[in-house]
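Chain A is the first sequence line, chain B the second, and so forth, proteins listed ahead of strands; every chain is numbered from 1. Everything numeric in this text was worked out from a predicted model, so none of it was measured.
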Number of protein chains: 4
Amino acid sequence: MAVDFLRNRPPPAVRSGEFCEDGVVASTKRLTARSRAARDSGGSGRRAELLAIAGELFAIRGFLATTVRDIADAAGILSGSLYHHFDSKESMVDEILREFLDAQRETNEQVLREASDPRAAIIELIRRSFGAMRQYRAAIAIFQNESKYLGGFERFGYLQQAAEDFERVWTRVLQDGRSAGVFREDLDPKVTYRFIRDMVWTAVHWYDPSGTLTADGIADQYIKILCGGIVLRE
Amino acid sequence: MAVDFLRNRPPPAVRSGEFCEDGVVASTKRLTARSRAARDSGGSGRRAELLAIAGELFAIRGFLATTVRDIADAAGILSGSLYHHFDSKESMVDEILREFLDAQRETNEQVLREASDPRAAIIELIRRSFGAMRQYRAAIAIFQNESKYLGGFERFGYLQQAAEDFERVWTRVLQDGRSAGVFREDLDPKVTYRFIRDMVWTAVHWYDPSGTLTADGIADQYIKILCGGIVLRE
Amino acid sequence: MAVDFLRNRPPPAVRSGEFCEDGVVASTKRLTARSRAARDSGGSGRRAELLAIAGELFAIRGFLATTVRDIADAAGILSGSLYHHFDSKESMVDEILREFLDAQRETNEQVLREASDPRAAIIELIRRSFGAMRQYRAAIAIFQNESKYLGGFERFGYLQQAAEDFERVWTRVLQDGRSAGVFREDLDPKVTYRFIRDMVWTAVHWYDPSGTLTADGIADQYIKILCGGIVLRE
Amino acid sequence: MAVDFLRNRPPPAVRSGEFCEDGVVASTKRLTARSRAARDSGGSGRRAELLAIAGELFAIRGFLATTVRDIADAAGILSGSLYHHFDSKESMVDEILREFLDAQRETNEQVLREASDPRAAIIELIRRSFGAMRQYRAAIAIFQNESKYLGGFERFGYLQQAAEDFERVWTRVLQDGRSAGVFREDLDPKVTYRFIRDMVWTAVHWYDPSGTLTADGIADQYIKILCGGIVLRE
DNA sequence: GATGAATGAGGGTTCATTCAT
DNA sequence: AATGAATGAACCCTCATTCAT
């Protein structure tokens with residue numbers, strides 16, 4: 001009875017409940033649509049297409065729980081055929097994560113260059129992070145869920161690096177804001193950073209691009225909470 | 001190059017960096033100490049001991065990435081011997097998660113019974129949640145990380161149930177608070193709930209019980225942010 | 001630790017040590033040069049070229065260890081493109097081996113026709129065998145190394161035939177020599193045959209055409225040993 | 001047609017012809033008998049048993065051509081079960097080769113210590129090498145056939161080392177013999193060494209322990225050739 | 001309670017080969 | 001002649017689980 005527990009994965013049916021709140025969920029149909037878009041938009045064709053499929057699955061099911069056969073099935077080919085395009089399963093995550101992190105790094109730098117003051121910078125960083133969910137939803141989820149696991153392998157050392165870079169940027173802004181008297185002094189910037197980071201990134205788990213809440217809408221509410229708390233000013 | 005990347009698990013050395021912020025990390029030594037404690041404290045002896053070991057590993061490495069051999073090794077026995085104590089690997093997580101969720105449910109009810117008003121209730125709920133990290137750190141991490149995966153199996157349907165119960169409780173308090181004029185009206189209770197939930201639970205990923213920040217300390221700061229935002233009142 | 005050991009083929013760097021004594025080794029550059037020669041010398045052009053490349057690789061790495069991609073890579077084309085020239089991988093070895101064996105058979109017959117006496121015949125057979133190393137080095141190595149494996153397939157039944165023909169020729173000469181009082185009587189012709197055969201063929205494993213020892217030089221020394229032993233006559 | 005050539009291995013029937021001259025061949029029945037012997041003779045039990053089976057197959061079919069399923073089938077278990085005893089397929093060859101090389105090294109040293117003069121030393125070395133065929137037939141064949149392939153992997157660097165050690169020992173004896181006027185001066189010791197080495201080791205390919213020719217018998221004949229050549233003294 | 005040998009299903013990956021373009 | 005995408009079978013290996021001792 002217990003035997004096949006791990007193998008007998010439940011039908012990949014998408015549960016719509018709140019528990020699994022899967023903003024990252026994608027039916028095969030959506031994947032196909034997506035893929036075609038990727039091809040048209042001039043990606044490297046089949047490669048980008050397959051990467052998108054793999055990314056969604058990694059995000060939904062987890063990296064370990066996704067087999068290369070799953071990916072191949074979703075793509076309508078045999079598992080061996082994937083190796084015509086990629087070295088290995090980890091090469092796929094690797095590519096997915098690098099693309100996202102590179103973009104994110106650039107965004108961070110741009111915001112820092114252009115922001116007028118710490119308050120504006122933080123708000124813009126948050127807004128941009130939410131914005132990234134549109135393009136990099138799967139990558140963000142993977143980065144969050146699998147960093148602990150993947151980070152243990154040399155090849156993925158850059159994940160830790162990226163996390164550190166990230167922290168440095170945000171913490172500096174928070175620090176500057178505190179020094180400038182914009183942020184409260186009774187908050188530890190490091191704790192605050194983590195607070196914000198978690199707040200932003202975890203939204204990817206339940207954010208549904210096809211739902212009524214837009215990324216911008218969520219960002220606005222989160223910014224409100226951050227700026228004023230949830231409690232009314234007395 | 002691809003070289004069996006996934007098999008060559010890196011030495012279970014504990015990285016101290018921020019990236020892996022592993023509050024859940026436990027060396028074999030600590031596991032052993034822990035286990036002995038569990039035995040002494042009158043659990044069902046060996047069973048509780050093994051459960052503690054399994055829990056830590058599931059929390060650190062993930063459920064799928066933890067093999068029964070890992071657990072057995074950490075316990076100093078052979079993998080087959082585990083089956084004298086447990087039906088299966090999933091029975092172990094099952095037990096770990098149920099214990100935690102039962103306790104949590106009770107806590108929630110108690111808080112609701114005893115809280116004088118919504119504001120106090122929310123604050124107490126947050127404080128208690130952080131408090132749970134002391135006893136249920138591993139369980140919390142597992143609940144967070146593996147719910148998506150485990151929730152897909154009938155046996156673990158109760159995880160979704162628990163998440164919904166949770167949401168119901170918190171949302172009601174937030175709702176009541178808003179109606180009573182305690183919380184801002186421009187915040188969607190559902191978004192707010194998710195915000196708080198993520199904020200609280202994700203802390204488990206980096207909370208280090210042996211670090212300088214106490215669970216209570218973090219709770220305080222988070223409550224401050226929630227109540228007043230990070231921006232100084234002008 | 002096990003780490004896909006078999007896949008991670010070491011760089012095809014050529015070790016010059018005695019251990020691998022690879023007379024058959026050929027860098028890509030040498031292969032190319034060789035191939036061009038083959039083309040000029042009027043073979044069927046590209047076909048002969050590819051055959052030369054395949055032969056070298058089969059000789060160096062072994063038939064099983066050489067993938068069609070290895071061959072294609074060395075030829076600067078894609079693996080699928082090889083199938084415009086050859087039916088299959090085995091067609092390649094087949095052709096390589098047949099060409100060599102045909103030539104060898106002819107040589108043997110010629111020597112037998114022309115030799116004045118058993119002693120001269122044996123010496124000439126040895127000399128010619130060593131001479132063949134110039135033109136058929138790869139084929140000889142393949143014949144030696146892969147006969148056991150290939151011989152098991154119907155298609156390559158002729159390998160066994162060739163070996164038997166070979167033995168028949170040599171054994172007859174040895175027999176004749178013994179009857180004629182030229183060779184010692186206390187030696188079993190069959191054992192002697194094997195001795196000589198192994199002696200001759202194994203040289204291909206360490207013979208280096210670009211080294212100081214010429215094929216003729218080695219032949220001379222071997223003939224000396226055969227005729228007089230290594231021990232000084234007292 | 002060509003398609004399945006490599007997979008459709010011919011029935012493991014043992015060809016008795018001279019071509020494949022398989023002294024290393026062993027029917028499953030013989031394997032089983034052998035294995036039982038190994039167990040009784042106090043080896044590490046099942047492990048030694050499996051190693052013997054694997055060794056025979058590696059020797060007969062080649063390392064690459066032998067699948068772990070072949071080994072498991074021959075042992076009457078499933079392929080996965082092999083991994084209860086060994087890390088990997090290469091761990092098996094590794095163990096087989098090391099055992100043989102260790103024994104051989106010791107033998108060499110002993111002969112050198114005890115031999116009265118170069119002539120006796122060479123003869124004894126040859127005799128002992130042939131003698132080793134009794135206990136290490138499979139290992140010798142593997143060492144010969146697979147060194148080129150295996151030697152390319154770091155793990156098997158010791159194969160090259162062993163070959164060099166070997167050469168050093170034999171060459172020194174030959175050198176000494178020449179200086180002492182025992183061996184002919186017109187023979188290059190290095191060539192002579194290779195000659196002898198090949199002569200000795202290649203016999204493993206056709207030596208049949210159950211045949212009429214004993215290892216000692218072959219050794220005697222070979223020594224005769226070496227000492228007196230095949231040609232009668234005029 | 002534990003061992004050690006084994007199972008059986010499946011996982012990632014390789015590779016000879018095919019074929020439309 | 002060659003490409004590039006795909007096939008399909010097999011390969012080495014892993015791992016949860018069972019069970020006789």
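Distance from the side chain of Thr67(C) is smallest for dC15(E) among the nucleotides dC15(E), dT17(F), dC11(F).
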Write down the protein N/O and nucleotide N/O pairs, taken from nucleotides 4-7 of chain E, whose separation is under 3.5 Å; answer none if there are no such pairs.
residue : atom : partner  : partner atom : Å
dA5(E)  : N7   : His84(D) : NE2          : 3.2
dA6(E)  : OP1  : Arg46(D) : NE           : 2.9
dA6(E)  : OP1  : Arg46(D) : NH2          : 3.3
dA6(E)  : OP2  : His85(D) : NE2          : 2.9
dT7(E)  : OP2  : Leu78(D) : N            : 2.7
dT7(E)  : OP2  : Ser81(D) : OG           : 3.0

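Between Tyr83(C) and dT18(E) there is no side-chain N or O to OP1 or OP2 distance below 4.0 Å.
What separates CG of Leu57(B) from C1' of dA16(F) is a distance of 16 Å, to the nearest Å. Rounded to an integer number of Å, the gap from Phe86(C) CZ to dA16(E) C1' is 15 Å. Note: CD1 (Ile71(B)) to P (dC15(F)) measures 12 Å, nearest angstrom.
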- Message: Give the dot-bracket line for DNA chain F from 5' end to 3' end: parentheses for intra-strand Watson-Crick or G-U pairs under 3.5 Å, square brackets for crossings, | for inter-strand pairing, dots for unpaired.
- Response: .||||||||||||||||||||

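A distance of about 13 Å separates the C1' atoms of dT21(F) and dG1(E), rounded to the whole Å.
Taking Arg98(D) as the reference, Asp94(D) meet the salt bridge (charged side-chain N to carboxylate O under 4.0 Å, His left out) condition, with sequence neighbours excluded.
Each of Val68(B) and Arg69(A) lies near DNA chain F, and the nucleotide nearest Arg69(A) is the one positioned closer to the 5' end.
Counting only N and O atoms by type, the side chains of Arg155(C) and Ser91(C) include a donor and acceptor under 3.5 Å apart.
The side-chain tip of Lys89(D) does not point at the ring of Phe58(D) from less than 6.0 angstrom away and within 45° of straight on.
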